[in-house]
Amino acid sequence: MADYTIVNVVALLVGLLFVGTGVHLVRTGRESVAAFLLTTAVGFGLVFVALFPGAFDLVARVLGLELRARAILVISNLTLFVLVTYLLNRIGRLSDRVSRLNERLSLLDRELEDRTFEDREFEDRTDE
């Protein structure tokens with residue numbers, strides 16, 4: 001039987017929170033399915049680790065590590081690396097999108113100013 005600690009309870013709660021948050025964000029249309037899959041994978045990973053803490057003994061043996069804690073650190077660091085890479089890529093795409101939107105907004109503002117000026121000029125000529 002596996003030894004469960006407070007860390008297992010916290011990991012289980014955080015994992016369920018990740019899954020629940022992902023479902024909520026997709027249902028409200030605030031996130032994409034790719035982000036949902038990412039948060040769900042992390043959430044279910046935490047739930048798995050919380051429910052089956054002995055699974056990392058096998059991971060440690062496969063990786064050639066003597067301690068379960070080192071296996072957990074290796075897997076968590078790799079997971080964080082993937083998450084950071086994904087988020088940096090997403091931030092870059094969103095930054096490009098904001099730049100394009102700002103450019104379009106500036107062009108539309110300029111066009112609106114030109115039309116307003118032409119309308120005023122037309123009104124001045126018709127008043128005469």
Side-chain angles (χ1 to χ4, degrees):
M1 177 103 192
D3 295 326
Y4 293 103
T5 63
I6 191 72
V7 173
N8 296 86
V9 174
V10 170
L12 179 66
L13 293 175
V14 171
L16 292 174
L17 184 66
F18 261 84
V19 173
T21 301
V23 169
H24 173 71
L25 290 176
V26 169
R27 281 190 177 169
T28 59
R30 292 175 42 201
E31 275 300 334
S32 65
V33 175
F36 167 72
L37 293 176
L38 191 62
T39 58
T40 303
V42 170
F44 280 135
L46 285 169
V47 169
F48 179 80
V49 169
L51 296 178
F52 306 106
F56 273 98
D57 290 331
L58 175 65
V59 174
R61 274 182 284 183
V62 169
L63 294 176
L65 302 170
E66 60 229 26
L67 298 174
R68 177 189 333 170
R70 288 188 180 159
I72 291 171
L73 287 174
V74 167
I75 298 300
S76 63
N77 283 337
L78 291 174
T79 302
L80 287 174
F81 176 75
V82 169
L83 288 173
V84 166
T85 303
Y86 169 78
L87 291 173
L88 288 174
N89 182 23
R90 184 140 181 201
I91 287 170
R93 284 185 287 152
L94 289 173
S95 178
D96 291 343
R97 187 174 176 192
V98 167
S99 294
R100 286 193 309 272
L101 288 172
N102 279 333
E103 183 178 331
R104 290 182 69 190
L105 182 61
S106 295
L107 292 171
L108 288 171
D109 280 346
R110 177 63 184 191
E111 185 178 327
L112 182 62
E113 287 175 8
D114 288 346
R115 286 186 180 181
T116 304
F117 179 75
E118 289 173 1
D119 289 345
R120 285 184 190 153
E121 200 173 75
F122 178 75
E123 288 175 4
D124 288 344
R125 279 186 277 161
T126 57
D127 288 341
E128 294 176 352

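All values below were derived from every heavy atom in this structure, side-chain atoms included, with hydrogens, water molecules and symmetry-related copies excluded.
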Linked hydrophobic residues, Val62 as query - side chain contacts closer than 4.5 Å: Leu58
query: With sequence neighbours left out, what residues match Phe44 under ring pair (Phe, Tyr, Trp, His ring centres under 6.0 Å)?
result: none
query: Under a 4.5 Å side-chain heavy-atom rule over Ile, Leu, Val, Met, Phe, Trp and Tyr, are Val14 and Val42 clustered together?
result: yes
field: Leu107 side, atom CG; Leu112 side, atom CG - distance, nearest 0.5 Å
entry: 12.5 Å
- prompt: When rounded to the nearest 0.5 angstrom, what is the spacing between OG1 in Thr21 and CG in Leu16?
  reply: 10.5 Å
- request: Quick one: closest heavy-atom pair of Arg90 and Ala35, and the distance?
  value: NH1-CB, 3.6 Å
message: Between the side chains of Asp57 and Arg61, is the shortest nitrogen-to-carboxylate-oxygen separation below 4.0 Å, so that they form an ion pair?
response: no
- prompt: With sequence neighbours left out, what residues match Glu111 under side chain to side chain donor-acceptor pair (under 3.5 Å)?
  reply: Arg115
statement: So side chain to side chain donor-acceptor pair (under 3.5 Å) across residues 91-106, not counting sequence neighbours, yields none
query: Which atom names give the shortest non-hydrogen contact between Leu67 and Ala60, and what distance separates them?
result: O-CB, 3.7 Å
Single-linkage hydrophobic cluster Val26~Leu37, side-chain heavy atoms < 4.5 angstrom: yes
message: Other members of the hydrophobic cluster containing Leu78, with the 4.5 Å side-chain heavy-atom rule, please.
response: Val49, Phe56, Val59, Leu63, Leu65, Ile72, Val74, Ile75
message: If hydrophobic clusters are built from ILVMFWY residues whose side chains come within less than 4.5 Å, do Phe36 and Leu87 share one?
response: no
Backbone N/O of Thr85 and side chain of Asn89: donor-acceptor pair under 3.5 Å: no
query: Between Val10 and Leu46, is there a shared hydrophobic cluster once you connect ILVMFWY residues whose side-chain heavy atoms come closer than 4.5 Å?
result: yes
query: In the hydrophobic cluster built from side-chain contacts under 4.5 Å, what are the other members alongside Leu94?
result: none
message: Once rounded to the nearest 0.5 Å, what's the spacing between atom CG of Leu83 and atom CG of Leu38?
response: 5.0 Å
